[in-house]
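First the structure, in the form of structure tokens, and then the observations on it.
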Amino acid sequence: MPQWAGSCWYYLRFMDPKNSQALVDESKERYWSPVDVYVGGAEHSVLHLLYSRFWHKVLYDIGVVSTREPFKCLINQGMILGEVEYTAFINKKGDLVSADLVDYINEYRQEKVPASNVLKSGEAYVLKNNPSVRINARAHKMSKSRGNVINPDDIVNDYGADSLRLYEMFMGPLRDTKVWSTNGVEGVHRFLGRTWRLIVGYPLSDGSYRETTITTDVEPSHEQLRNLHQCIRKVTEEMEGTRYNTAISAMMEFVNAAYKWETHPRSILENFVLLLSPFAPHIAEELWQRLGHADSLAYEPWPEAEEQYLKDDMIVLPIQINGKTRGKLQLREGSGEDEAFAAVVQDKHFEKYLSGHTVRKRIYVPGRILNIIVQQNK
């Protein structure tokens, strides 16, 4: 079938690609249809999406498909613009003119300014060597004519495919227009490096890495389990909502917390590698093998958050001195009056309220408030 007529029902053929007797087997079509998510640029609304819906409705009318609509959900991903370009304006005398004083840009010569010569000042950008001169900062659509096209092959060569993939998801919400920044790629590349060292360890004296990991088969602590299951919940929720950038942020928070641990339980870090795998599949597969698994992690079940580890066991307790709130303390949930009072005494913030005073009474409402009644010594 020519052009649109042939390309607009390919999703149906994917359900039953080897069927030589029919477009799609009826039972397979009922099992797989409709497509859960359609991702495409805004221009698809009047191109492929429109034609796909048209042909699908024709097929529905003649009894080939069982659903009126081909897709459950439409997501228009945002465009990625080129790196921010900085432009200075020069008048006919050759003098720099601040961008906020420029009314008609065609009356001025425009000159690109390297990012290294630019400073951010409040909401504006200024020249580093002349902060009184504002410059124009703008990101443009990538095009060969502007010379701002980012070649993915170059990024893969310099940082690896996982870094590119991870950065594209970390830039911001999927539906938003975003501005490319190579410095941002370096940031997620460092995160992947920290993840590698957390599990495999630092390089050996010859610059190579051990074939295994530095993880151990110790029982994880309650705090380690809490860090993991909070990460599982956050990553799962954000992935389901296509908020990939905040899912990656949750994994970064987990790695930061894990670097403070004295032990690195294998069971904890194996689950973390599974969380990382949809975002950075290549490094995740390598880590999975080094953790002692012969088979791919692609068919492993997704980790599930357990409620018992999601509850925060710390509370914020307001502290009053003679009925006036003087501060707050973090305490473990279930702390008794003596434990709460001891924490107040040890905290230097409350020293000025207690020094030179005698404690006459303590009023403690567990988990709610501690009021200390004091009287100044004579």
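Remark: side-chain polar atoms of Asp95 are not paired, donor with acceptor, to backbone N or O of Ile90 under 3.5 angstrom. Put simply, the side chain of Glu29 gets close to the backbone of Ser66: a donor and an acceptor are under 3.5 Å apart. With hydrogens and angles ignored, the 3.5 Å screen pairs a side-chain donor or acceptor of Asp162 with a backbone N or O of His282. The backbone N or O of Leu204 lies less than 3.5 Å from no partner atom in the side chain of Ser208, so there is not a single donor-acceptor pair. Judged by distance alone, with hydrogens and angles left aside, the side-chain atoms of Ser296 form a donor-acceptor pair with the main-chain N or O of Ala298 at under 3.5 Å.
A single hydrophobic cluster is seen to contain both Val156 and Val185, as judged by linkage of ILVMFWY side chains at heavy-atom distances under 4.5 Å, directly or through other members. Side-chain heavy atoms closer than 4.5 Å link hydrophobic residues (I, L, V, M, F, W, Y) into clusters, and following such links, even through other members, never connects Leu74 to Met79. If you chain together hydrophobic residues whose side chains sit under 4.5 Å apart, Ile80 and Leu174 fall into the same group.
Inter-residue side-chain proximity for Leu291 and Arg266 is flagged as met; some heavy-atom pair is nearer than 4.5 Å. Between Arg13 and Met15 there is no side-chain heavy-atom pair separated by less than 4.5 Å. Looking at His48 and Tyr38, their side chains come closer than 4.5 Å, going by heavy atoms from C-beta outward. Counting heavy atoms from C-beta on, the side chains of Leu12 and Leu59 come closer than 4.5 Å. Using a 4.5 Å cut-off on side-chain heavy atoms (C-beta onward), Phe350 and Arg326 make contact. Here the side chains of Leu354 and Val374 are in contact, with some heavy-atom distance below 4.5 Å. The shortest distance between side-chain heavy atoms of Val359 and Phe341 falls below 4.5 Å. At least one side-chain heavy atom of Met252 sits less than 4.5 Å from a side-chain heavy atom of Val188.
In this structure, Glu26 does not pair ionically with Lys28, as no charged nitrogen and carboxylate oxygen lie closer than 4.0 Å. Ion pairing between a basic and an acidic side chain is recognised when a charged N comes within 4.0 Å of a carboxylate O; Arg332 and Glu339 show no such pairing.
Surrounding CD of Gln308 are more than 12 heavy atoms belonging to other residues, nucleotides or ligands, all under 6.0 Å away. No more than 12 heavy atoms of other residues, nucleotides or ligands lie within 6.0 Å of NZ in Lys328, so this atom counts as exposed by the packing criterion. Within a 6.0 Å sphere centred on CH2 of Trp32, heavy atoms belonging to other residues, nucleotides or ligands number 12 at most. Counting heavy-atom neighbours within 6.0 Å of Arg194 CZ, excluding the residue itself, gives a total above 12.
Judged by distance alone, the side chains of Thr236 and Trp302 do bring a donor and an acceptor atom under 3.5 Å apart. Judged by distance alone, the side chains of Tyr11 and His56 do bring a donor and an acceptor atom under 3.5 Å apart.
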Side chains of residues 267-279: which donor-acceptor partners sit under 3.5 Å, not counting sequence neighbours?
{"from": "Glu270", "atom 1": "OE2", "to": "His293", "atom 2": "NE2", "distance (Å)": "2.7"}
{"from": "Asn271", "atom 1": "ND2", "to": "Ser267", "atom 2": "O", "distance (Å)": "2.9"}
{"from": "Ser277", "atom 1": "OG", "to": "Leu274", "atom 2": "O", "distance (Å)": "2.7"}

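Of the residues listed (Thr215, Ile199, Val200), the one engaging Arg290 in a side chain to side chain contact (heavy atoms under 4.5 Å, CB included) is Val200, and it is the only one. Shown are Lys112, Lys141, Arg138; of these, the salt bridge (Lys or Arg N to Asp or Glu O under 4.0 Å) with Glu85 is made only by Lys112.
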*Pair Phe170-Tyr244, ring-ring contact (aromatic ring centres under 6.0 Å, His included): steps then yes or no*: CA-CA 7 Å; Phe170 189 58; Tyr244 306 121; over 10 Å; no

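Every residue meeting the side chain to side chain donor-acceptor pair (under 3.5 Å) condition with Tyr159, not counting sequence neighbours, appears here in chain and number order: Glu186.
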